[in-house]
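The block underneath contains the structure these notes are about, expressed in structure tokens.
Counting starts at 1 for both ligands and their atoms, in listed order. Below, each value reflects all heavy atoms present in this structure, side chains not excepted, and no hydrogens, waters or symmetry copies.
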Amino acid sequence: MSHREKVLKLEKIISSQKSEAYPMHSRAHPLNRQPFDGASLFVKREDELGVFSMGSKIRKYRTLIEDLKERKVSKVVLIGGENSNHIAFFSLILKENRIEPFVFLRKTYEKELRGTRLLTHLLNTNIFLIERKDWGKVEDIAKAKQLEIESQGFKAEFLREGGFSKAGLIGALTLVWDLLKNENEIGSAFQHIFLDSGTGFQAAAFLLGLNFIDHKAKCHVLLLGGDTLEFERNLTFLKTVFESLLQDKLSFNDRNFELYQPSVGKSFGSTPKIILKQALQTLLEEGLVLDPFYSAKLFFEANKIIPEKNLKGNILYIHSGGSLSLLNYGKELMELKSQNSGPRNHQDPEL
Ligand SMILES: *Cc1c(COP(=O)(O)O)cnc(C)c1O
């Protein structure tokens, strides 16, 4: 099959799947700051998709919610951190569709109720707080709740952390479709693409889709939520799901991507000062609200990797959304702003 035929096949898979009409196009535009010779930096504005910068997540939701509706599911059991974007955003979507969420949350010890966590607590009534030490058992606890609900005569579903479910795959593949649209609009292709990963669902779907259409870009995936092994396992699982959609084998030998661990703020949810500085600098220079758990770390690492590996050509940073989380750091950010100093990378200008 030619590249063109493969693109058409992907488009057909996407358009023939019943899905909610959520936005699936986000802009890509050049960044103001262009510090690297021979490299043009662009950002893809997934942060502009959905309420409160729901971002790329809205892509998987478009087919995930449709699947639940089609199967007449009326209650959904979700698990995740108290600050999880997925819990807050998917609860909104469930409410809209009159599906009742039951949320099992990994307890945090933050005092102030704000941001994403506030949204989750405001809009949910069935909240079960789980101590960190018990989190290993959460899937069993949540599945027991699902059975309990079903025994009362309701159709219930349990969703894995981050909403990792094969029903979201076609939705997540719209990111590939949209990248091609961006390349069309810009009039040239991207050679390097940087994206972040939590459960790895969106990143894996993206890699599989690009591989299928023989896209030549090299992807650089920053693993923020899990390790390499976990990512590979999820990739293998989604590859099987994708192959059954394609009714064809995916030749995934020429794996044009690299996985990275963050060099700072390694544990998920940690926000070292240098990452908040990155977020503040990008806010001031680009007018972009980065997520301190995801895109701020992505921008920070990409700015290191590009000169280290001497990457050239059109380079795209995917801003996956989640901007609401930055506002949890008001005090720290205002302090940094008053110190008037950006991250002290050698290329960085003064703020
Ligand atoms: C959930 C989320 C991610 C990670 O998505 P996965 O598909 O779980 O890897 C990245 N960025 C933001 C802002 C998110 O909310």
heavy-atom search around atom 1 (C) of ligand 1 in the protein gives K57 NZ, 1.3 Å
**Study point:** Stepwise side chain to side chain contact (heavy atoms under 4.5 Å, CB included) test for E161 and H86
**Key:** CA-CA 8 Å; E161 195 159 1; H86 165 64; over 6 Å; no
Atoms of ligand 1 under 4.0 Å from any heavy atom of N85, numbered from 1 in the order shown, are 13 (C), 14 (C), 15 (O)
### Query
What's the verdict on ring-ring contact (aromatic ring centres under 6.0 Å, His included) for Y317 and F42, showing C-alpha distance, side-chain angles and the deciding distance?
CA-CA 6 Å; Y317 296 0; F42 292 80; over 10 Å; no
Near S197 (heavy-atom distance under 4.0 Å), the atoms of ligand 1 are 9 (O)
Of F257, F194, F190, the one forming a ring pair (Phe, Tyr, Trp, His ring centres under 6.0 Å) with H220 is F194
Near G322 (heavy-atom distance under 4.0 Å), the atoms of ligand 1 are 13 (C)
min-distance protein heavy atom vs atom 9 (O) of ligand 1 -> G198 N, 2.7 Å
- Query: Does atom CE of M1 have more than 12 heavy-atom neighbours, drawn from other residues, nucleotides or ligands, at distances under 6.0 Å?
  - Reply: yes
In ligand 1, the atoms that come under 4.0 Å of a heavy atom of G321 are 13 (C)
- request: Would you indicate whether the side-chain heavy atoms of Q278 and K297 approach each other to under 4.5 Å?
  value: no
Note: ligand 1 atoms sitting under 4.0 Å from heavy atoms of G200 are 6 (P), 8 (O), 9 (O)
Atom 7 (O) of ligand 1: closest protein heavy atom, distance to 0.1 Å, is Q202 N, 2.9 Å
Once you measure the plane-to-plane angle for F201 and F164, does it fall in the parallel (<30°), tilted (30-60°) or perpendicular (>60°) bin?
perpendicular
A student checking ligand 1 against D291 at a 4.0 Å heavy-atom cut-off should list atoms 13 (C)
Open item on the list: Tell me whether the NZ or CZ atom of K75 lies within the 45° cone about the ring axis of F154 and under 6.0 Å from its centre.
Closed with: yes
Ranked by distance from atom 8 (O) of ligand 1, the top protein heavy atom is T199 OG1, 2.7 Å
Apply ring-ring contact (aromatic ring centres under 6.0 Å, His included) to F90 and Y61, showing your working. CA-CA 8 Å; F90 201 56; Y61 293 162; 4.7 Å; yes
For F201, the ligand 1 atoms with a heavy-atom partner under 4.0 Å come out as 6 (P), 7 (O), 9 (O)
Taking only non-hydrogen atoms of D196 and a 4.0 Å limit, the atoms of ligand 1 in range are 10 (C), 11 (N)
among protein heavy atoms, the one nearest atom 11 (N) of ligand 1 is S320 OG, 2.7 Å
query: Taking C-beta and beyond as the side chain, do L78 and F102 meet within less than 4.5 Å on heavy atoms?
result: no
Residue, atom and distance of the protein heavy atom nearest atom 12 (C) of ligand 1 read Y294 CD1, 3.3 Å
